[in-house]
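Counting convention: from 1, in listed order, for ligands and their atoms alike. Heavy atoms only: backbone and side chains are in, while hydrogens, waters and symmetry mates are out.
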Amino acid sequence: MKLYPLFADLSQRAVLVLGGGGVAERKVAGLLAVQAMVTVNAPVLSPQLRRWVDEGLVAHRTEAFQADWLDAVWLVVAATSDQAINREVAAAAAQRRIFANVVDDAALSSFHVPAVVDRSPLTIAISSGGDAPMLARLLRERLETLLDESLGALATLAAKLRKRIRLRFPAMAARRGFYENLFAGPVAALLRQGRPNAAWAAAEQALASTPVAAVGSVVLVGAGPGDPGLLTLRALRALNEADVILHDRLVGAGVLELARRDAERIEVGKQAGRHHTTQDGIHALLLAHARAGKRVVRLKGGDPFVFGRGGEELECLRMHGIPYEVVPGITAAVACAAYAGIPLTHREHAQSVRFVTAHCQSSRDTLDWAALAQERQTLAVYMGVAELGMLQARLIAHGRAATTPFALIENGTRAEQRVVTGTLAQLADCALKHAVRSPALLILGAVAGLASSLAWFGEPPLTATVEPDSAPGARRPINDAVEARSSLLAAIHQA
Ligand code: SAH
């Protein structure tokens with residue numbers, strides 16, 4: 001190791017900073033945050049440094065640097081653009097055995113200022129020894145996203161209870177078990193929710209009761225539609241803490257790659273006609289792993305509460321007393337619309353948007369078709385590929401204009417995304433021609449017509465096929481190619 005890591009207590013200790021610009025300002029800000037007594041030496045100050053001086057938070061010296069100033073300080077930071085001064089400061093500091101940092105000059109510095117992730121009192125400092133500061137910064141950003149903001153509060157709580165925990169659990173193994181539960185269980189969950197009082201009560205209760213085997217927990221996490229970039233920070237954190245991940249088939253490999261390496265991954269995907277785990281089977285797996293003390297992530301495509309059966313899973317967990325949390329995800333309708341350039345409620349075209357599913361006989365018959373056929377609303381239809389003919393016929397029968405634009409988005413947000421557009425009258429034919437496959441989402445309404453002009457992701461939308469008797473000039477080469485490919489696909493599809 002090149003540098004010895006150390007955290008310095010600078011509270012009420014004198015520190016000298018040379019320089020009055022932006023760099024000096026950042027160093028002073030960091031020093032003020034730990035209550036150091038800062039003196040700035042510079043002829044001219046940045047507006048912020050000026051304010052701190054005027055407010056009495058920082059002392060100011062304008063004259064040229066004198067080495068004997070260092071006799072009165074614990075640390076010195078040289079942040080001037082003048083190499084000669086920086087060198088002089090470093091030499092004077094070395095002579096007095098005072099630690100000096102010369103900004104952006106590792107060779108002249110006897111201490112480095114690391115990149116910091118602040119979850120006070122928990123502090124993570126990262127240094128590359130001055131060799132790769134950008135890499136250190138990148139790492140800092142990663143850790144920043146991974147560590148929940150409530151970690152500081154958790155550390156404070158643990159610190160305040162430390163003596164009592166030691167008394168209560170004198171044996172190391174029992175104490176470690178208690179801490180593990182404290183950091184991963186309901187107390188931490190309550191702090192994440194911003195409920196410190198309830199967290200304290202839960203911690204007190206845990207301290208008072210006889211220790212039982214650690215109860216696991218379940219986080220129901222929405223994985224979004226496929227693009228891993230659409231995960232929330234909370235989802236990412238849950239994936240990083242998981243012991244077991246029960247995921248749907250729809251969850252993309254890119255998302256799973258972001259999970260803890262040694263987490264056990266179990267696919268509980270459901271696909272008509274293929275191997276699948278029943279809903280009861282999923283419930284049994286959730287209970288078994290949680291009861292074994294595991295932190296379980298139940299990872300679902302899109303949002304867990306939008307046609308995701310997340311509700312049933314929570315009911316089961318509640319019934320069996322397993323603690324749970326829910327992390328929402330970006331649902332397919334919202335994601336596919338965004339990635340196809342379709343503003344779902346563009347004010348000129350729609351006042352509402354409905355998320356609909358019509359994948360089985362019962363939902364088909366209980367849907368209010370007259371309401372769905374009304375103008376000035378957008379329909380986002382999930383799980384509809386096999387039902388498009390029925391959908392088209394019923395909507396038109398209930399008065400929705402046959403000219404209403406649609407967009408079918410297949411594999412939305414993924415590299416393979418395809419968008420097919422046309423009008424309601426062409427819907428079923430068009431889907432067949434282009435061999436649209438699941439997962440695909442249908443957006444119906446005037447807003448779908450905007451996909452042709454606002455598309456930005458992947459290939460431009462495929463349009464409904466031009467009738468053979470239309471003017472040859474109207475045929476675009478791209479459509480010919482697409483048509484040839486899709487009639488081939490349609491033939492395969494039908495076979
Ligand atoms: N809970 C999920 C929906 C599950 S139902 C969510 O909130 O998105 C499964 C249906 O969602 C699919 O049949 C399809 O209609 C839609 N869907 C999910 N991911 C999709 C994607 N990447 N592209 C298009 N449709 C998708």
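Ranking protein heavy atoms by distance to atom 23 (N) of ligand 1, first place goes to G412 N, 2.8 Å. Among protein heavy atoms, atom 8 (O) of ligand 1 sits closest to A332 N, 2.8 Å. Annotation: atom 1 (N) of ligand 1 to nearest protein heavy atom, V306 O, 2.7 Å. The nearest heavy-atom contact from the protein to atom 9 (C) of ligand 1 is M383 CG, 3.7 Å. Given atom 14 (C) of ligand 1, the protein heavy atom at minimum distance is A440 O, 3.3 Å. Among all non-hydrogen protein atoms, the one lying nearest atom 4 (C) of ligand 1 is F307 O, 3.4 Å. With respect to atom 11 (O) of ligand 1, the closest heavy atom belonging to the protein is Y382 CD2, 3.4 Å. Taking atom 7 (O) of ligand 1 as the reference point, the nearest protein heavy-atom neighbour is T331 OG1, 2.6 Å.
Geometrically, ligand 1 and C336 share no nitrogen or oxygen pair separated by less than 3.5 Å. Between E410 and ligand 1, not a single N/O pair is under 3.5 Å apart. Inclusion of D303 in the set of residues having an N or O under 3.5 Å from an N or O of ligand 1 is warranted.
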- Message: Go through it in stages, so that I can follow the logic: the residues are R192 and E149, the test is salt bridge (Lys or Arg N to Asp or Glu O under 4.0 Å), and I'd like the CA-CA distance, side-chain angles, deciding distance and then a yes or no.
- Response: CA-CA 8 Å; R192 275 198 294 276; E149 286 75 14; over 6 Å; no

- Determine, stepwise, if the pair R418 / E410 fulfils salt bridge (Lys or Arg N to Asp or Glu O under 4.0 Å). CA-CA 5 Å; R418 287 200 307 160; E410 180 191 81; 3.0 Å; yes

- Message: Between E312 and R309, does the salt bridge (Lys or Arg N to Asp or Glu O under 4.0 Å) criterion hold? Intermediate values first, please.
- Response: CA-CA 6 Å; E312 290 155 65; R309 302 191 72 168; 2.8 Å; yes

- Query: Does the pair R137 and R142 meet the rule for a side chain to side chain contact (heavy atoms under 4.5 Å, CB included), with working shown?
  - Reply: CA-CA 9 Å; R137 227 165 286 165; R142 289 222 186 127; over 6 Å; no

- Message: As a quick check of understanding, evaluate salt bridge (Lys or Arg N to Asp or Glu O under 4.0 Å) for E264 and K294, giving each step before the final call.
- Response: CA-CA 10 Å; E264 186 184 350; K294 299 282 167 54; 5.3 Å; no

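A salt bridge links D365 with R394: the distance from a Lys NZ or Arg NE/NH1/NH2 to an Asp or Glu carboxylate oxygen falls below 4.0 Å. Electrostatic pairing of R298 and D248 counts as a salt bridge here, judged by a charged N lying under 4.0 Å from a carboxylate O. Ion pair R376/E348 not flagged as a salt bridge, since none of the NZ, NE, NH1 or NH2 atoms sits closer than 4.0 Å to an Asp/Glu carboxylate oxygen. Salt-bridge formation is detected for the pair E144/R140: a Lys NZ or Arg NE/NH1/NH2 atom is positioned less than 4.0 Å from an Asp or Glu carboxylate oxygen.
In I409, the part holding a heavy atom less than 4.0 Å from any atom of ligand 1 is the backbone. When heavy-atom distances to ligand 1 are checked against a 4.0 Å cut-off, N411 comes that close only through its backbone atoms N, CA, C and O. In A333, neither the side chain nor the backbone holds a heavy atom less than 4.0 Å from any atom of ligand 1.
Within a 6.0 Å sphere centred on CD of Q205, heavy atoms belonging to other residues, nucleotides or ligands number 12 at most.
Residue contact annotation: G226 has no non-hydrogen atom under 4.0 Å from ligand 1.
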